[in-house]
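This one's a predicted model, so the numbers in the text were calculated from it and none came from an experiment.
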Amino acid sequence: MVRVKKTRKFAAVKRMLNPNDIRLKENQVKQQKKEEAEKEKAAKRAPQIASSLFLQHNTALVPPYRVLIDTNFINFSLQNKLELVSGMMDCLYAKCIPCVTDCVMAELEKLGHRYRVALRVARDPRFERLTCTHSGTYADDCLVQRVTAHKSYVVATCDRELRRRIRKIPGVPLMYIVRRRYAIERLPDQGAPV
């Protein structure tokens with residue numbers, strides 16, 4: 001049996017990685033260090049804090065209080081047989097102006113026939129109507145956006161998720177319903193006891 005001599009193929013070269021290839025471990029470490037150095041050099045921008053805030057105390061909140069009302073606050077007030085304006089005045093011990101945004105009105109209109117009483121309450125002439133310039137009709141985002149821009153509002157809502165979002169914004173008081181009456185949270189004077 002004759003053994004056939006195996007010839008090497010022409011230009012068969014052992015493939016090697018370039019020493020600067022990113023797949024090598026040491027080059028990956030160098031790349032990470034370079035990125036961290038760039039992050040440190042980048043200017044860190046802190047959000048501008050309102051001049052009306054003294055630590056957590058908001059000096060822009062003075063009577064008459066402007067209260068931004070959420071959809072579910074109107075619904076729960078009707079379920080608990082609470083009169084909105086007089087209940088707010090009893091809670092805050094001051095005159096207050098209920099404010100309803102276009103998004104809240106649109107949300108009430110979308111809810112349909114079952115919430116027609118809440119819609120009629122929201123159209124009360126004592127309520128101030130605020131126009132929205134943004135697109136979409138999601139009331140929670142609208143209220144958060146308006147409160148971060150102008151910290152001169154008290155937010156009235158029974159929605160836990162919205163309350164959690166607003167608590168992250170310093171200097172904005174919250175109003176909600178507890179035991180068939182209104183309660184205020186984070187107001188410097190604290191309003192009526194619960």
Pairwise side-chain contact, [X] with [Y], heavy-atom cut-off 4.5 Å (strictly under):
X      : Y      : result
Cys99  : Val67  : no
Leu130 : Glu128 : yes
Ile166 : Val144 : yes
Leu108 : Arg116 : no
Val100 : Leu68  : no
Lys34  : Lys30  : no
Met88  : Ile69  : yes
Asn58  : Val172 : no

**Study point:** Verdict with supporting geometry, Gln32 and Gln28, side chain to side chain contact (heavy atoms under 4.5 Å, CB included)
**Key:** CA-CA 6 Å; Gln32 286 176 347; Gln28 286 178 349; 5.6 Å; no
Considering non-hydrogen atoms only, spot the tightest contact between [X] and [Y] and give its length.
X      : Y      : value
Arg146 : Thr101 : NE-CG2, 3.8 Å
Pro173 : Gly171 : CD-O, 3.6 Å
Glu185 : Arg167 : OE2-NE, 2.7 Å
Val85  : Cys96  : O-SG, 4.2 Å
Arg186 : Lys168 : NH1-N, 4.5 Å
Val121 : Phe127 : O-CE2, 3.6 Å

Give, for atom [atom1] of [X] and atom [atom2] of [Y], the distance between the pair rounded to the nearest 0.5 Å.
X      : Y      : atom1 : atom2 : value
Cys132 : Met105 : SG    : CE    : 11.5 Å
Lys95  : Ile97  : NZ    : CD1   : 5.0 Å
Asn72  : Leu162 : CG    : CG    : 7.5 Å
His150 : Arg66  : NE2   : CZ    : 9.5 Å
Asn80  : Cys158 : CG    : SG    : 8.0 Å
Tyr115 : Lys110 : OH    : NZ    : 15.0 Å

Check your understanding: Is the closest basic N to carboxylate O distance between Asp102 and Arg129 below 4.0 Å?
Key -> yes
Point to revise | Side-chain ion pair, Arg123 and Glu109, N-O less than 4.0 Å | key: yes
Exercise for review: Answer yes or no: is there a donor N or O on one side and an acceptor on the other, between the side chain of Asp124 and the main chain of Arg126, under 3.5 Å?
Suggested key: yes
Check your understanding: Can any side-chain N or O of Asp70 pair as donor or acceptor with the backbone N or O of Thr157 at less than 3.5 Å?
Key -> no
**Study point:** Chi angles and distances behind the salt bridge (charged side-chain N to carboxylate O under 4.0 Å, His left out) call for Glu36, Lys39
**Key:** CA-CA 5 Å; Glu36 287 171 7; Lys39 283 181 184 176; over 6 Å; no
Check your understanding: Hey, quick one: are Leu143 and Tyr138 part of the same hydrophobic cluster, counting side-chain heavy atoms closer than 4.5 Å, chains of contacts allowed?
Key -> no
Review point. Looking at the rings of Phe73 and Tyr182, which for Trp means the six-membered one, are their centres under 6.0 Å apart?
Key: yes
Revision key, fill the gap. Per salt bridge (Lys or Arg N to Asp or Glu O under 4.0 Å), Arg165 is matched among Asp140, Asp159, Asp141 by Asp141
